[in-house]
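Values below: all heavy atoms of this structure, side chains included; hydrogens, waters and symmetry mates excluded.
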Amino acid sequence: MTHANPVAAAPKRTQEFSDKSKPQAIRDSNIVAAKAVADAIRTSLGPRGMDKMILEHKGDVTITNDGATILKQMKLLHPAAKMLVELSKAQDIEAGDGTTTVVVLAGSLLDASAKLLGKGLHPTVISEAFQIAATRACEVLISMSRPIDLADKDLLLKIAATSLNSKVVSQYSGILSPIAVDSVLAAMDPENPDAISLNDIRIVKKLGGTVEDAQQIDGLLLKQRVESGCGVRRVEKAKIALVQFCISPPKTDMENNIVVTDYTQMDRIMKEERQYILNIVKAVKKSGANVVLVQKSILRDAVNDLALHYFGKLKVMVIKDIERDEVEFICKTLKCIPAASIDHLTPEVLGQADLVEEIESGGSKIVKISGIQNKGRTVSVLLRGSNKLVLEEADRSLHDALCVIRCLVKRRALIAGGGAPEIEISQKLAHLATQTTGPE
């Protein structure tokens, strides 16, 4: 009996180690899933690529041929398919364009891998060979590139137009291309061009009009409107304060209540509130500010009607509901410092501009700040569209064009398009393959 157990278990253990069908089935499943994703967006590649109409569960419709946007909306479940979505997202962040190309290329490489796996090659050998091929492909691309000069604006316009040619808004490339080129060059620091960030270029989207009405603004655009209660629509020689405190009466904690039993107590509360607000308004005026930008508050009203009334008397313009993520851009543009409390509001923290005015834009109003003194290296772009679908697609297309010009600023080299580099790499790698020994 003691010898029977090992003998009986031996065939089972041998069978366990010899059964390689399960790993192969998982690999095949991963490759099939990734190829399915690549095939789904293959038809949207290039100038003759077709747009995809995506219907979300909420009922919203998106029409686009941007690979990253399509994959983000597809809600994939397979892990390998999700990796392709991450690949497209990484390409969108790093390069901005070519999101469809990387997925189609990855699908084709996986297709080739499936054939090599079928011949019995180990996945590690295939992976190492791909690494060698990638290194040599980069060398080929660098050798066939030609340097460009950023002073050659015509060439930059052609490059931006090329990135827009495959988009829905390609007919407006003559308008969007100069905006993209001028915006990136304006936001670039000549002494440190690698530090350029697209966060310094703010795109304000407004419904109404057409894409032809898009324009680059010399100054700062705010989506918010001027508060009607203050009655000031235009301020010249503006001194702008960005405040992060509320100009309204303080509230009690949620658990506390104030019980008023007498009308004299009510009068006293109202009087204290008026005095509290008046003190803040006077302190703002004393600092020299005549335009106040108030950050959005979720705890209580950022500015109440009484404060607006007092500001109107003192001819101070008020713009409220400035989002938290806008504060950094506004500070960089105006060279002002946000005031967290009334004590911090001094003349030194104010930004200065020649003119702050509310302008009409396609049925809606926006605030334009022009003639900014000591303006930072930031750019505002007003983008228009007749409907939401066109506006969103114009935004995505302009973002791709901005990314292309940003890449040119960082690495000033240009290669041919239309599949020429891919063919060149294919020929060079095929020649290299005939000279390489070993399984690679």
Side-chain angles (χ1 to χ4, degrees), residues 200 202 204 217-250 272-359 365-378 380:
D200 295 336
R202 186 160 179 258
V204 177
I217 304 295
D218 181 23
L220 175 65
L221 273 186
L222 297 174
K223 292 179 284 188
Q224 295 81 1
R225 297 176 56 174
V226 174
E227 285 302 303
S228 56
C230 68
V232 183
R233 294 283 177 271
R234 178 186 171 93
V235 176
E236 294 181 2
K237 295 182 180 176
K239 292 186 178 180
I240 305 160
L242 177 57
V243 301
Q244 296 179 306
F245 53 86
C246 296
I247 310 172
S248 59
E272 289 290 340
E273 281 187 2
R274 282 198 297 271
Q275 192 59 44
Y276 176 83
I277 292 170
L278 191 57
N279 289 340
I280 294 177
V281 171
K282 282 180 177 177
V284 171
K285 186 65 178 175
K286 188 179 177 182
S287 69
N290 52 12
V291 176
V292 180
L293 310 179
V294 187
Q295 186 175 313
K296 194 172 188 177
S297 172
I298 57 170
L299 298 175
R300 63 180 200 259
D301 293 337
V303 183
N304 70 352
D305 293 338
L306 185 60
L308 290 174
H309 170 71
Y310 288 146
F311 277 127
K313 293 264 188 182
L314 297 171
K315 299 287 185 253
V316 175
M317 181 188 284
V318 181
I319 302 154
K320 71 173 186 178
D321 291 345
I322 303 293
E323 297 288 349
R324 187 180 292 274
D325 55 0
E326 293 178 316
V327 169
E328 186 182 351
F329 182 85
I330 291 170
C331 291
K332 192 170 184 180
T333 306
L334 298 175
K335 292 289 174 72
C336 64
I337 301 170
S341 74
I342 194 67
D343 300 327
H344 298 154
L345 193 59
T346 59
E348 291 76 31
V349 303
L350 303 180
Q352 297 184 1
D354 292 341
L355 179 64
V356 179
E357 61 179 340
E358 188 178 57
I359 57 173
K365 293 179 179 178
I366 52 176
V367 176
K368 179 183 176 183
I369 303 174
S370 52
I372 300 167
Q373 296 180 19
N374 302 319
K375 182 176 177 288
R377 289 191 174 276
T378 59
S380 293

Which value, rounded to the nearest 0.5 Å, describes the distance between [X] atom [atom1] and [Y] atom [atom2]?
X    : Y    : atom1 : atom2 : value
C331 : I337 : SG    : CD1   : 8.0 Å
E348 : S287 : CD    : OG    : 10.0 Å
L222 : T333 : CG    : OG1   : 9.5 Å
C336 : L350 : SG    : CG    : 8.0 Å
I240 : L220 : CD1   : CG    : 8.0 Å
L242 : I319 : CG    : CD1   : 10.5 Å

(message) Could you check whether atom CG of D305 has more than 12 heavy atoms from other residues, nucleotides or ligands sitting under 6.0 Å from it?
(response)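 Count not over threshold, so no.
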
(request) Give a yes or no on whether N374 atom CG has more than 12 heavy-atom contacts from other residues, nucleotides or ligands under 6.0 Å away. (result)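 Check fails, neighbour count at 12 or below.
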
(request) Taking only Lys NZ, Arg NE, NH1 and NH2, and the carboxylate oxygens of Asp or Glu, determine whether R202 and E326 approach each other closer than 4.0 Å. (result)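 Between E326 and R202 there is a salt bridge, with a charged N closer than 4.0 Å to a carboxylate O.
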
(message) I'd like to know if D200 and R377 make a salt bridge, using a cut-off of under 4.0 Å between side-chain N and carboxylate O.
(response)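 Salt bridge flag = no for R377 with D200.
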
(request) Could you pull out all residues at least two apart from K286 that satisfy salt bridge (Lys or Arg N to Asp or Glu O under 4.0 Å)? (result)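 Result, salt bridge (Lys or Arg N to Asp or Glu O under 4.0 Å) vs K286: none returned.
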
(message) Between Q352 (side chain only) and Q373 (backbone N and O only), is there a donor and an acceptor less than 3.5 Å apart?
(response)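 A pair under 3.5 Å: no.
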
(message) Looking at N290 and K239, would you say the former's side chain and the latter's main chain have a donor-acceptor pair under 3.5 Å?
(response)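 A pair under 3.5 Å: yes.
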
Looking at side-chain heavy atoms only, is the closest gap between [X] and [Y] below 4.5 Å?
X    : Y    : value
P249 : N304 : yes
I366 : K368 : no
V316 : V232 : no
K332 : E328 : no

(request) Measure across A353 and S370 and return the closest heavy-atom pair with its distance rounded to 0.1 Å. (result)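 So the two residues come closest at CB-O, 3.7 Å.
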
(message) Out of the candidates Q244, K296, Q224, K223, only one should pair with I322 under the side chain to side chain contact (heavy atoms under 4.5 Å, CB included) rule; please name it.
(response)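 Among Q244, K296, Q224, K223, the one that satisfies the side chain to side chain contact (heavy atoms under 4.5 Å, CB included) with I322 is Q224.
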
